[in-house]
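The structure appears right after this line, and notes come after that.
Computed from a prediction, not measured in an experiment: that's the story for all the values here. Heavy atoms only: backbone and side chains are in, while hydrogens, waters and symmetry mates are out.
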Amino acid sequence: MAPSDLPLFDADLPESSARGATTRATVPVLLPLALDEPYTYEVPAGETLAPGDFVVVPLGPVKRIGVVWREASARPVDPRKLKPVLARLDEVPPLPPLNLAFADWVAQYTLAPKGMVLQMMMSARLVFEAEEPRFGFRGGSGVPSRMTDARQRVMAAVADGAVWSKKRLMDAAGVSAAVIDGLAEADALIRAELPRTRAFAPRPDFAFASLSDAQLTAAGALQQTIAEGGFSATLLDGVTGSGKTEVYFEAVAEALRHGERQVLILLPEIALTNQFLERFERRFGCRPGEWHSAVSPKERARVWRGVALGEVRVVCGARSALFLPFTDLGLIVVDEEHDPSFKQDDRVTYQARDMAVVRASLGKIPIVLASATPSVESIVNVQRGRYRHAVLPGRFSGNALPDVEAVDLRAVPPERGMWISEPLVGAVNEALAKGEQALLFLNRRGYAPLTLCRACGHRFTCPQCTAYLVEHRLRGRLVCHHCGFSLPFPKACPSCHGEATLAASGPGIERVTEEAQNRWPDARLAVLSSDLVPSTAALREILTRITEGDVDIVVGTQLVSKGHNFPKLSFVGVVDGDLSLATADPRAGERTFQLLHQVTGRAGRFGAPGRGLIQTHFPDHPVMRALVTGDREAFYEAEIGLREEAGYPPFGRLAALIVSGKTRYDAEGYARALALAAPEASRIQVLGPVEAPLAIIRGLHRQRLLVKAAREADLQAYLRAWLAGVDAPRGGVTLHIDVDPHSFL
DNA sequence: ATTACGGAGCTT
DNA sequence: AGCTCCGTAATA
């Protein structure tokens with residue numbers, strides 16, 4: 001509803017004479033802007049407003065929609081500044097009290113302005129705009145003079161009492177519009193407004209999956225947490241293919257039965273596939289509410305309303321679904337809980353898995369964290385006794401985990417200009433000979449990560465970032481992966497003007513595809529890379545071809561590592577196992593282990609035992625060792641030891657302060673001033689500033705400070721005290737705070 | 001986020 | 001002296 005065409009509260013009547021004398025009631029109203037505190041507004045006489053109500057208020061010269069908050073800001077406001085609330089949005093269900101508490105919590109933890117957290121909770125624009133009512137038909141009492149087969153079918157469809165849209169009714173009854181019009185004419189159908197929400201009411205007992213004993217035990221443990229009630233966190237820990245999804249589906253069913261509460265299943269966006277939603281539908285008889293970036297604005301509004309009214313019982317969504325207005329949330333599941341995409345790095349930086357635990361704790365409900373390769377944080381929480389542990393020891397199919405080996409690139413390098421070594425070639429041949437599928441994995445888009453001139457050594461870099469341009473040969477362009485800058489692939493070297501001197505350096509997914517095409521000209525190839533798959537429909541089609549065995553070799557980036565099962569896949573070759581080890585990330589080792597474990601785990605899930613080969617320059621690296629020996633526990637033990645020694649999370653707390661400015665001088669100046677103003681504290685140290693590894697992005701120069709705190713230290717209080725004593729940045733300089741950073745770039 | 005304000009540099 | 005432009009502060 002646009003604030004301008006609202007039915008406003010009645011204007012004050014004669015008033016003004018009494019005005020100065022009476023103190024009027026006020027309410028705090030939080031606006032979805034970069035504001036830390038709610039503003040105070042007058043409540044019009046005779047109105048009552050409750051926390052959570054959506055209201056329209058004047059802000060400067062404009063009207064804005066905000067939410068009545070719980071507590072007013074501590075600072076009193078000059079009463080002369082007070083303006084009245086203009087209207088309450090009665091059409092919009094209020095924000096539930098827990099959401100208010102949750103927003104406060106997230107804001108205080110991340111140091112993001114409260115209003116920005118509210119903005120995330122209001123990210124369904126159309127909910128707040130007046131919607132044209134849509135009409136459909138429901139059954140009426142009129143009897144038509146003639147009853148045909150077609151008319152019978154229509155009447156049978158509307159016998160359920162629901163309001164059907166004309167289109168849906170035509171499809172369901174297999175009739176034309178004229179049939180419906182005829183029935184409406186006779187009052188056998190009555191025009192009625194279509195509901196503005198969509199109910200998603202999964203049935204907990206629709207179709208039981210047959211579970212193994214281990215699955216039943218784990219499912220029982222999860223159901224127990226629901227029966228007990230109250231907050232609990234359980235790590236559902238099982239190797240790839242052990243059937244974790246079926247297990248937590250039973251927990252979902254239990255939550256639906258138990259007090260008919262709502263359930264949130266968080267997944268990495270990339271794993272929210274049709275395959276997953278179909279599995280859900282097979283188990284529960286209907287699709288869940290979906291929430292991710294590809295959901296249309298209209299559907300977002302319907303889901304948001306449905307969640308707020310309690311009609312949407314289950315939401316499957318990406319991280320932002322955590323901020324939906326659940327009225328009666330009874331269970332949260334975070335699948336692939338280790339996944340890095342749960343960390344949001346722009347706007348409000350938050351870790352959705354961690355915030356989900358907070359949400360569960362505030363709501364006094366159970367949460368299930370599921371993964372085959374849990375985060376170190378979660379493992380440590382199990383060790384500390386804070387999380388329960390439900391383990392699925394074996395693969396559901398009974399197959400052994402794939403046999404993984406490292407290929408030492410120092411000993412058996414691929415031929416010059418090639419990237420697939422002899423052992424990988426042999427393994428692919430073997431799979432092809434048996435009529436099985438092979439996957440070549442390289443987590444790098446494009447043809448080559450660097451283009452250089454053989455004559456003068458010129459390297460193509462992005463004009464606005466500290467990064468090389470990546471050649472995308474299929475698009476015929478050089479592309480910056482950090483800012484999106486691109487230029488057509490040049491004909492000559494811009495530095496020495498030599499022609500035909502430019503050489504691609506290093507492999508990308510396109511180059512590996514080219515090599516595979518040359519090596520296996522008769523094999524049917526499929527490429528899975530986010531920039532080479534034009535649409536989700538095309539992706540679905542490729543995945544179907546792979547599943548049905550119409551593909552021999554899959555070449556893919558990270559896209560292949562999640563959410564899809566390839567039943568005929570027996571071999572996985574990792575082209576560059578070292579890629580993610582070299583990133584500026586405190587979790588690089590953990591990430592690499594998780595990624596490669598998941599990817600190689602794709603091999604041989606159903607039927608034939610699988611095999612994985614990882615090309616690496618560091619076959620002795622603990623990560624490679626753990627992957628090869630399959631000794632997951634040894635890896636965690638070593639990694640936990642390293643973290644503890646370094647005081648890294650979860651044994652200490654980190655926060656990054658990123659200062660960016662138009663020039664290095666600007667950024668450095670403010671960053672240094674910040675460092676000088678850092679308060680002394682016994683268990684907190686401030687490191688830096690240093691130039692960020694990615695020193696310039698989009699033309700902005702960046703400096704980083706790192707705050708390292710002991711686990712017991714109040715990091716947020718320290719940061720607030722620090723920033724309170726510093727002038728706000730200006731002159732185009734910005735300061736970004738990242739509590740618990742996952743990347744040091 | 002949006003808008004009003006005010007100083008710097010430029011036009012008249 | 002008057003006017004536009006941009007950076008900055010304030011919005012209750």
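- In this structure, a donor-acceptor pair under 3.5 Å is present between the side chains of S486(A) and R477(A).
- Rounded to an integer number of Å, the gap from CD1 of I65(A) to P of dA1(B) is 16 Å.
- When each of dA4(B), dT2(B), dT11(C) is scored by its nearest atom to the side-chain atoms of R64(A), the top-ranked nucleotide is dT2(B).
- Here dT11(C) presents its P atom at 13 Å from CG of L33(A), a figure rounded to the nearest Å.
- For T349(A) and T110(A), the side-chain atoms include no donor-acceptor pair closer than 3.5 Å.
- One finds a salt bridge joining D740(A) and R587(A) here, because a Lys/Arg side-chain nitrogen approaches an Asp/Glu carboxylate oxygen to under 4.0 Å.
- G115(A) comes within 4.0 angstrom of nothing in the nucleic acid, heavy atoms only.
- Look at CD on E37(A): it is 16 Å from C1' on dA10(C), rounded to the nearest Å.
- As judged by a 4.0 angstrom heavy-atom cut-off over every strand, L35(A) is placed among the base-contacting residues.
- Distance L82(A) CG to dA12(C) P: 9 Å, rounded to the nearest Å.
- For the residue pair S378(A) / S375(A), a side-chain donor-acceptor distance below 3.5 Å is found, with atom types taken as modelled.
- Using a 4.0 Å heavy-atom criterion, one finds that K83(A) contacts the sugar-phosphate atoms exclusively.
- For L59(A) and dA1(B), the CG to C1' distance is 9 Å, given to the nearest whole Å.
- To the nearest angstrom, C1' of dG7(B) lies 14 Å from CZ of R730(A).
- Residue contacts shown for P58(A) are limited to sugar-phosphate atoms, with no base heavy atom under 4.0 Å away.
- In this structure, CG of D727(A) is placed 16 Å from C1' of dG7(C), rounded to the nearest angstrom.
- One can place NZ of K63(A) at 16 Å from C1' of dT2(B), the figure rounded to the nearest angstrom.
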